[in-house]
Amino acid sequence: MNKELPKAYDPTQYEDGIYKKWEKSGFFNPDNLDLPENAPSYTIVLPPPNITDKLHLGHSSMLAIEDLLIRYHRMKGYRALWLPGTDHAAIATQNVVEKKLLKEEGKTRHDLGREKFLERVWEFLKETQSIILRQTRKMGASLDWSREAFTLDKQREKAVKKMFIDMYEAGVIYRGERIVNWCPRCRSTLADDEVEYKDQKAKLYTFKYSYDFPFAISTTRPETKLGDTAVAVNPKDKRYKKYIGKIYEVDFAGVKLKMKIIADRHVEMDFGTGALGVTPAHSMADWQMAEANDLEIIKVIGEDGKINNNFLEYSGKTVEQARDMIVKKLRKNNLLEKEEELKNNLSVCYRCNAPVEPLPSKQWFVNVNKKLKRFNGKSLKEKAIEAAKNKEIKFIPEKFEKRYLDWMENLHDWCISRQIWFGHRIPVWYCHGTCNIKHETNIIVSIDNPKQCPKCGSKNLIQDEDTLYTWFSSGMWTFSTLGWPDNFKNGKKSGDLARFYPTQVLETGYEILTLWVSRMIMMSLFALREIPFENVYLHGMVLDKYGKKMSKSKGNGIDPLDVIEKFGTDAVRLSLVIGNTPGNDLRLSEEKIAGFRNFTNKLWNIGRYILQSCHSDPAKAGEESQVKKKNIAHPRSFVAIAPQNDKATLADEWILNKLNKLIKDTSDDLDNYRFSQAGEGLREFTWSDFADWHLEASKFEKSEAKQQVLLMVLENLLKLWHPFMPFVTEKIWGEMGKENLLMVEPWPISAGSIVPKGCGAGLQSVDGSLQKGSTASRNAMRGDYGAGRVRGDYGAGRDPSPAAQDDNFEIIKNIIIAIRNARAENKIEPGRKIKAVIYGGKNAKLIKSQEHLIKNLRTGIKELDIQQKGKKIKDAIPVTVADIEIYLIGAVDEEKEKIRIKKERENLEKLIINAEKKLADKEFIKKAPARIVKQEKDKLKLWQEELAKLKGQLSGLK
RNA sequence: GGACGCGUAGCUCAGUUGGUUAGAGUACUUCGUUGACAUCGAAGGGGUCGGUGGUUCGAGUCCACCCGCGUCCACCA
């Protein structure tokens with residue numbers, strides 16, 4: 001404890017060791033925390049990072065915020081569980097491995113075959129997974145590694161299959177044909193949110209199908225017109241009204257088509273000719289029209305992106321080739337009326353950028369509109385909307401509730417099958433035996449691989465080739481990680497599910513609000529009939545200092561490990577949490593991180609100084625602890641150092657009251673997700689109040705009580721900072737000779753705080769002897785206290801924050817600042833000692849008692865004369881602080897002084913004029929609340945008094 | 001096209017239901033190293049709160065429109 005600490009805090013030297021110590025303690029696992037039976041749980045399930053790549057700063061921000069919440073609640077006595085894991089990210093991962101395979105070996109997945117290819121994927125993900133886990137530990141994340149999960153491990157696989165079967169049996173999952181976004185290159189369907197749009201120049205062709213068709217239509221894709229079965233016009237369009245309902249047989253570029261003229265209000269009259277060829281098989285909008293009008297569906301384009309058979313010379317051609325051929329033919333036949341340039345959006349695959357082809361295909365869907373018995377006739381969609389609307393689930397910040405609801409209300413059935421190999425295989429089998437079960441309504445859905453067909457006994461069963469959409473398994477993440485379905489029998493939760501579900505907070509980026517959050521809500525409601533989380537906290541993106549999204553391809557990303565190496569984890573964490581509000585993007589630069597590195601060093605030095613100065617006299621150590629037990633037990637009883645206790649100084653009382661308020665404010669802020677505000681409050685206290693004032697004052701106020709005050713403030717400060725910067729706080733805590741880990745210390749509490757039921761920990765005494773006790777005794781201690789508001793009898797017997805005491809120290813502070821200020825403005829050399837006279841009025845006694853501070857805190861005053869009042873002093877620099885007059889003697893520079901006074905006077909006069917104007921306004925007097933009017937009057941009076949004094953001083957100069 | 005959000009000091013951002021002289025960090029200027037910390041200390045300069053109009057005794061805050069930017073959704077056949 002007395003050993004010399006290095007001047008600068010070097011994070012790289014301690015962080016790994018500290019993390020190991022935490023991990024070894026077992027306290028990351030809430031089962032190892034000593035808590036009363038009824039302690040409330042606090043659960044966060046970590047949004048599992050994709051195993052496609054190592055972590056970026058966005059992940060770091062997520063980890064910093066979640067670790068903060070978890071550490072805070074752990075200290076507050078909750079059964080805090082933070083459950084880690086990773087996501088297999090089916091398509092993305094397969095894509096990465098395929099690219100790698102092609103680049104390194106020139107092979108495709110088909111060259112290897114399903115089994116061999118999957119082996120490669122697993123090899124790849126083992127590597128990235130271990131990098132991710134190492135990075136996560138580097139961030140100081142207090143995750144319960146014993147519960148680690150993966151979206152594609154055995155337990156999750158079981159959960160996914162069970163979910164699929166339950167949903168299938170409830171009629172929520174169905175197989176159907178549907179237009180899907182198809183990527184011909186990836187040979188896979190794409191979800192709506194996997195399609196990107198690219199501006200492009202296209203040609204809009206206007207033509208007639210044939211000579212005998214009455215009018216022309218416009219399209220950018222003539223080749224798809226081979227599959228047209230209708231022409232749609234706007235029902236209000238007078239030009240075409242007479243054709244509606246008629247049927248035409250046409251010969252389009254050699255292909256016979258039967259066309260019905262239909263009306264649809266979505267058709268824009270101004271676009272092209274106002275008539276639209278309907279191609280049900282190759283356009284989302286047209287598919288819907290076809291359903292509404294019962295149109296025939298003709299597939300023109302195949303999964304390979306080429307024209308199907310039965311289309312004459314076009315068969316087997318690519319869409320581009322077919323388009324050229326058809327345009328040429330139309331032109332030749334004089335049917336092409338117009339060709340014009342058009343800007344439109346091309347749908348492209350988000351992975352490979354290939355143009356997306358809308359195609360009808362057999363897919364598995366989740367029906368979000370199906371009325372369900374378990375929801376009393378409501379649908380998944382309705383229940384998920386309800387959960388947000390009745391505030392069962394709260395969004396932080398609130399604005400995202402609206403975005404969630406907008407999305408949900410427009411939700412379509414959800415396509416959950418993907419034509420890729422890596423992922424959860426769909427648990428469906430088709431019989432190729434005698435009964436030939438292929439039909440959707442007559443298939444085998446099973447959690448275990450079926451051996452034979454239950455109908456015909458055939459062993460010739462073939463599993464559905466497709467895998468499930470990644471988000472299907474991620475959507476179950478909150479409960480598949482807690483043992484569902486084993487822990488959920490007959491509608492009753494058991495084990496971890498009973499203890500930790502629903503979770504308290506889901507913390508994630510706002511960009512996956514719709515992609516992920518909405519699905520988790522629906523799936524939890526379906527599987528458990530309850531919400532997955534009570535709060536959704538959404539953070540913004542981490543941008544570079546130019547406001548651009550960090551990405552590998554742009555090369556502007558900051559690698560978390562690099563900056564951690566350079567500035568330390570604590571600094572990185574602070575820079576991600578402070579100076580940012582929920583839901584807003586964060587611009588990050590190394591300069592900002594460096595600023596917080598400086599702060600961690602500051603805290604380190606505060607600790608270093610206190611430890612050095614408090615143990616300079618080891619003989620006193622025993623005596624101190626006696627004092628401590630009697631007088632200073634806990635921050636909630638700060639007033640134990642009452643004014644009548646002559647051992648405590650004015651500065652001590654001031655800082656203890658400030659600390660008490662800080663505890664309350666920090667807790668309030670954290671309870672309301674105001675992390676940045678909490679951090680700023682802490683920084684203000686630490687650096688400005690504690691280091692710059694109290695610590696400086698302490699150098700001139702040695703006493704036994706003083707050492708205890710310093711240690712107590714430090715102790716509590718470390719606790720308050722711990723969730724933000726766990727490493728440096730834990731390190732200093734260790735240097736203080738504490739045996740227990742700071743990580744599991746009870747959170748400090750101030751009078752008036754609300755303690756949740758079961759959270760006795762926060763009420764534990766700070767007294768060292770109690771902390772050192774065995775786990776059993778700690779447990780007993782906690783058990784003694786119930787829930788409720790901390791009453792006076794537990795701690796402070798009265799208001800622990802006597803404003804008068806604070807104001808008194810503020811007066812001294814202001815006198816010191818005013819003197820420093822006057823010296824600087826008058827350019828008095830720092831080394832020059834001066835004499836001062838203070839007329840303190842009613843505060844004279846107070847000022848006299850704090851003479852040592854006024855003389856010593858960088859005011860350069862050698863001689864100080866304090867009177868109640870007296871004559872104006874000539875040849876001195878006059879300074880006023882409220883009604884206190886100060887004269888600095890022996891260094892006057894009249895010219896400079898006059899300028900200073902003039903400036904101040906002008907400022908005051910301006911304020912006075914404004915206030916007078918306001919008070920002269922009858923409307924203001926009449927309508928503004930009395931409180932505001934009085935405030936205004938008080939201000940005016942104060943300013944007028946100050947102005948009068950200034951005038952007096954000015955006359956004193958000459 | 002629709003929805004949501006943003007625009008406050010050179011830069012990064014706070015500013016809770018309208019009510020002290022609009023704040024912080026950082027950068028900048030001046031000064032200062034006798035043992036907690038130069039990754040430091042003291043003092044200071046810097047903003048007509050994107051624009052216009054309105055509501056109000058009172059607007060950075062509420063409303064309308066405009067300008068600039070961002071995100072999400074839809075999509076032009």
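Proteins get letters first, then strands, A, B, ... in listed order; numbering begins at 1 in each. Scope of the values below: all heavy atoms of this structure, side chains included, with no hydrogens, waters or symmetry mates. None of these values were measured; they are calculated from a predicted model.
- No hydrogens or angles considered: a donor-acceptor pair under 3.5 Å links the side chains of T279(A) and D228(A).
- Here the separation of G7(B) from A43(B), taken at their P atoms, is 31 Å to the nearest Å.
- Geometric assessment of K731(A) against the ring of Y14(A) yields a positive cation-pi assignment under the 6.0 Å and 45° thresholds.
- As rounded to the nearest Å, A3(B) and G60(B) have P atoms that lie 28 Å from one another.
- Dashed line: the shortest gap from a side-chain N or O of K927(A) to OP1 or OP2 of G58(B) is not under 4.0 Å.
- In this structure, K922(A) places its NZ atom 16 Å from P of C57(B), rounding to the nearest Å.
- Considering CD1 of I815(A) and CG of L857(A), their distance stands at 12.0 Å, rounded to 0.5 Å.
- A 6.0 Å sphere centred on CD of E398(A) holds no more than 12 heavy atoms belonging to other residues, nucleotides or ligands.
- Between atom CH2 of residue W943(A) and atom CG of residue N914(A) there is a gap of 8.0 Å, rounded to the nearest 0.5 Å.
- Between the side chain of H282(A) and the backbone N or O of I301(A), at least one donor-acceptor pair lies under 3.5 Å.
- Look at CZ on R403(A): it is 8 Å from C1' on G5(B), rounded to the nearest Å.
- Comparing L586(A) and N410(A) along RNA chain B, the residue whose closest nucleotide (by nearest heavy atom) sits nearer the 5' end is L586(A).
- Rounded to whole Å, atom C1' of A77(B) lies 11 Å from atom CZ of R221(A).
- Note: NZ (K918(A)) to C1' (G58(B)) measures 6 Å, nearest angstrom.
- Cation-pi contact between K225(A) and F207(A): absent, since separation from the ring centre below 6.0 Å together with deviation from the ring axis within 45° is not met.
- With no hydrogens or angles considered, a side-chain donor-acceptor pair links T686(A) and W721(A) at under 3.5 Å.
- Contact annotation for R823(A): no contact, since no heavy-atom pair falls under 4.0 Å across all strands.
- Taking the nucleotide of RNA chain B with the nearest heavy atom to each of T514(A) and N907(A), the more 5' of the two is matched to N907(A).
- U61(B) sits 14 Å from G54(B) when the P atoms are compared, rounded to a whole Å.
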Could you run down the sub-3.5 Å N/O contacts of the protein with nucleotides 43-47 of chain B?
unit_1 : atom_1 : unit_2  : atom_2 : d
G44(B) : OP1    : N821(A) : ND2    : 3.0

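- For D406(A) and G5(B), the CG to P distance is 11 Å, given to the nearest whole Å.
- Between G50(B) and A59(B), the distance separating the two P atoms is 15 Å to the nearest Å.
- U56(B) and C75(B) have their P atoms separated by 45 Å, given to the nearest Å.
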Could you go through nucleotides 14-16 of chain B and list every protein N or O atom that sits under 3.5 Å from one of its N or O atoms, giving the distance for each pair?
unit_1 : atom_1 : unit_2  : atom_2 : d
A14(B) : OP1    : T581(A) : OG1    : 2.5
A14(B) : OP1    : N584(A) : ND2    : 3.1

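- For the atom pair CD1 (I578(A)) and CZ (R573(A)), the distance works out to 11.5 Å, reported to the nearest 0.5 Å.
- Using a distance-only test at 3.5 Å, with no hydrogens or angles considered, no donor-acceptor pair links the side chain of E401(A) to the main chain of K394(A).
- The number of heavy atoms from other shown groups lying within 6.0 Å of NZ (K399(A)) is above 12.
- Counting to the nearest Å, the C1' atom of G41(B) and the CG atom of L857(A) are 12 Å from each other.
- A gap of 11 Å separates the C1' atoms of U52(B) and C67(B), to the nearest Å.
- Comparing the same atom, C1', in G25(B) and in C72(B) gives a spacing of 31 Å after rounding to whole Å.
- S218(A) comes within contact range of at least one nucleobase, with a heavy-atom separation under 4.0 Å.
- Among residues two or more places apart in sequence or in another chain, the side chain to side chain contact (heavy atoms under 4.5 Å, CB included) test is passed with E701(A) by T649(A), A651(A), A697(A), K706(A), Q850(A), H852(A), L853(A).
- For the pair Y205(A) OH and A77(B) C1', the interatomic distance rounds to 14 Å; values are reported in whole Å.
- Rounded to whole Å, atom P of A74(B) lies 11 Å from atom CG of L411(A).
- Remark: E565(A) CD is loosely packed, at most 12 non-hydrogen atoms of other residues, nucleotides or ligands lying under 6.0 Å away.
- Judged as a side chain to side chain contact (heavy atoms under 4.5 Å, CB included), and not counting sequence neighbours, the contacts of E511(A) are M541(A).
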Checklist entry - Which dot-bracket string fits RNA chain B when only Watson-Crick or G-U wobble pairs with both atom distances under 3.5 Å count, crossing pairs get [ ], and | stands for a partner on a different strand? => result (((((((..((((.....[...)))).(((((.......))))).....(((((..]....))))))))))))....
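- When the nucleotides C73(B), A77(B), C13(B) are ranked by their closest atom to the side chain of W407(A), C73(B) comes out on top.
- Residue K699(A) places its NZ atom among more than 12 non-hydrogen atoms of other residues, nucleotides or ligands, all under 6.0 Å distant.
- Across G51(B) and G46(B), the matching C1' atoms stand 23 Å from one another, rounded to whole Å.
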Next on the checklist: So if I define the base as every atom that isn't primed, P, OP1 or OP2, how would nucleotides 28-40 of chain B read as a B/S/- string at a heavy-atom cutoff under 4.0 Å?
Outcome noted: ---SS---BB-BS
